[in-house]
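One structure is given here, and the rest of the page talks about it.
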Amino acid sequence: MLYTEQDIFDYIEQEDVKFIRLAFCDPSGRQKNISIMPQELPRAFSQGISFDASAIPGFGCAVNSDLFLFPIPSTLSVLPWRPSTGKVVRMFCRIKHPDGTPFSLDSRWILERAVKAASEQGLSLFFGSEFEFYLFKTDESGAPTKEPFDHAGYMDVAPEDKGENVRREICLTLESMGILPERSHHEEGPGQNEIDFRYADALAAADNAIHFQSVVKAVAQGNGLYADFSPKPIPGESGNGMHINISVKARDGRDVAPGFMAGILAHIREITAYLNPTEDSYRRLGEKKAPRYITWSPENRSQLIRIPAAQGEYRRMELRSPDPTANPYLAYALLIYAGLDGIQKGMTPPPPTNLDLYAADSLVLDRLETLPATLAQARKAAAESPFVQSVLPEMMQF
């Protein structure tokens with residue numbers, strides 16, 4: 001919903017809101033916030049609320065460290081796990097310098113620029129993510145253990161699937177916040193779950209992804225559990241992915257999807273360090289349906305990009321390599337810029353690889369280009385990439 005500043009003032013007064021969380025992300029995608037009281041909101045909208053940027057990892061040093069948060073009214077969301085009287089709401093913020101110029105390391109602003117670049121080329125983009133996570137038991141002090149909440153398998157049902165009620169609570173909480181989950185189920189790993197979102201524009205989809213992880217962790221904690229989004233929580237078991245579904249449409253009716261996908265395939269090695277930013281990310285890739293090869297194919301889940309069997313508005317491409325440790329704002333922005341480069345340069349995707357890569361002969365596999373095998377390789381590819389250098393600020397480059 002597109003709230004105005006006056007809408008926010010009215011809502012806070014009418015709904016007994018006592019705390020307003022001004023939220024933003026550090027470069028790694030970790031959510032941060034400052035809480036203010038309602039009487040401070042007019043100043044937040046007009047002048048911003050200052051904070052010490054030098055204390056935020058990746059935001060710089062103590063010199064010229066004052067930055068300001070300006071809340072975005074359209075991102076208002078109630079935190080339903082907080083008290084119903086004396087409510088708590090959250091808004092995402094733009095980060096600016098004291099002179100009012102945008103802070104270049106604000107990853108949401110980077111995504112805003114990418115969306116604007118796509119719009120200027122007559123393109124509309126929609127994203128929908130599929131998040132996987134593990135539920136682990138906690139010990140008597142509430143600390144997480146590595147004991148899975150259950151030992152169910154893919155799409156099992158209760159009583160084997162003990163996460164059913166937790167997923168239900170997560171989905172209902174998301175719905176109450178205006179975030180629309182499409183489906184949920186038990187995944188392949190013990191205690192592993194998946195929840196998928198309905199598509200949205202890129203900024204809303206990235207905001208939803210940030211909201212989602214905080215909701216899952218809060219609901220899990222309320223049930224005496226720990227939600228783990230790391231790429232490889234249990235060696236030898238399925239890793240956690242953040243599959244990204246992308247729909248791209250041209251306002252003049254052109255079919256731009258092939259060029260967009262070709263651009264992603266052309267630049268995927270260079271941007272993998274941002275889509276898979278931890279050492280554990282590379283323990284996941286190449287195992288248990290997580291991709292290793294830079295290939296695509298209709299419907300085929302062994303590929304990097306698959307084209308699901310869907311029609312009309314649900315027609316999309318699904319990128320299967322990213323994991324939940326990625327900053328969704330940076331991930332979506334880089335994918336947009338890669339796709340735009342593919343369209344601008346008239347790229348065409350290679351022929352589809354219509355075979356099961358997990359069962360393919362080594363003579364076939366040896367001819368295929370691969371994703372980086374380690375974080376060091378991925379960072380080296382990003383550091384040597386003119387493309388990455390052209391779209392990200394210097395302090396976000398490797």
Run S238 and Q192 through side chain to side chain contact (heavy atoms under 4.5 Å, CB included) and show every step you take. CA-CA 8 Å; S238 295; Q192 190 182 28; 3.5 Å; yes
Start with the C-alpha gap between N165 and E169, add the side-chain angles, then the distance that decides, and say whether side chain to side chain donor-acceptor pair (under 3.5 Å) holds. CA-CA 6 Å; N165 288 335; E169 185 177 346; over 6 Å; no
Side-chain donor-acceptor pair present, T278, S281, cut-off under 3.5 Å: yes
Under a 3.5 Å distance rule, please check whether E147 uses its side chain to pair with a backbone N or O of T138 as donor and acceptor. no
Going by side-chain contact (heavy atoms from CB on, under 4.5 Å), name the residues that satisfy it together with R251, two or more places apart in sequence or in a different chain. S119, S124
Please evaluate residues D16 and K87 with respect to the criterion side chain to side chain contact (heavy atoms under 4.5 Å, CB included), reporting the C-alpha separation (whole Å), side-chain torsions for both, the decisive distance (0.1 Å), and the verdict. CA-CA 6 Å; D16 189 32; K87 290 180 180 176; 5.7 Å; no
Below 30° counts as parallel, above 60° as perpendicular, anything between as tilted: where do the rings of F59 and F51 land? tilted
Determine yes or no for a side-chain-to-main-chain donor-acceptor pair under 3.5 angstrom, with T370 supplying the side chain and R292 the backbone. no
If only atom types and distance count, is the side chain of T145 paired as donor or acceptor with the main-chain N or O of K137 below 3.5 Å? yes
If a pair satisfies ring-ring contact (aromatic ring centres under 6.0 Å, His included) and one of its residues is in residues 365-398, list it, with sequence neighbours excluded. H267-F387, Y274-F398
Check: F45 ring centroid to F9 ring centroid under 6.0 Å: yes
Has the side chain of N245 got a donor or acceptor atom that lies under 3.5 Å from a matching backbone atom of S129? no
For L225, is there any backbone N or O sitting under 3.5 Å from a side-chain donor or acceptor partner on N223? no
Check the hydrophobic clustering (I, L, V, M, F, W, Y; side-chain heavy atoms under 4.5 Å; chains of links allowed) and say if L180 and I170 are grouped together. no
Tell me whether Y332 contacts the main-chain N or O of L203 through its side chain, where contact means a donor paired with an acceptor under 3.5 Å. no
Heavy-atom donor-acceptor pair, D228 side chain to Y134 backbone, under 3.5 Å: no
Please work out whether the ring planes of F68 and F70 are parallel, tilted or perpendicular, with thresholds of 30° and 60°. tilted
Could you tell me how the ring of Y199 sits relative to the ring of F126: parallel (under 30°), tilted (30 to 60°) or perpendicular (over 60°)? perpendicular
Considering all heavy atoms of both residues, which atom of S184 and which atom of I195 are nearest to each other, and what is their separation? CB-CG1, 3.7 Å
Please name all residues satisfying side-chain contact (heavy atoms from CB on, under 4.5 Å) with E369, sequence neighbours left out, ordered by chain then number. R269, I294
Side chain to side chain donor-acceptor pair (under 3.5 Å), that's the test. Do Q31 and R21 meet it? Break it down for me. CA-CA 11 Å; Q31 187 177 172; R21 291 188 181 179; over 6 Å; no
Just by distance, do the side chain of T101 and the backbone of H97 share a donor-acceptor pair under 3.5 Å? no
Using a distance-only test with no angle check, is there a side-chain donor-acceptor pair under 3.5 angstrom linking D323 and N276? yes
Give me each pair satisfying ring-ring contact (aromatic ring centres under 6.0 Å, His included) with a member in residues 160-186, each pair once, sequence neighbours excluded. Y154-H185
Measure across K18 and M37 and return the closest heavy-atom pair with its distance rounded to 0.1 Å. O-SD, 3.5 Å
Heavy-atom check, side chain of P308 versus side chain of R316, under 4.5 Å: yes
Please check this pair: side chain of R284 against backbone of D280, looking for a donor-acceptor N/O pair closer than 3.5 Å. no
Would you please test I210 and F92 for side chain to side chain contact (heavy atoms under 4.5 Å, CB included) and show each step? CA-CA 10 Å; I210 296 296; F92 286 105; 3.9 Å; yes
Can you name the side-chain contact (heavy atoms from CB on, under 4.5 Å) partners of A381, sequence neighbours left out? none
Which hydrophobic side chains are connected to Y293, either touching it within the sub-4.5 Å cutoff or through other members that do? L355, L357, V364, L365, L368
Of E237, E279, E287, E132, which is the lone residue that meets salt bridge (Lys or Arg N to Asp or Glu O under 4.0 Å) with K232? E287
Got a donor-acceptor contact below 3.5 angstrom from the D7 side chain to the T4 backbone? yes
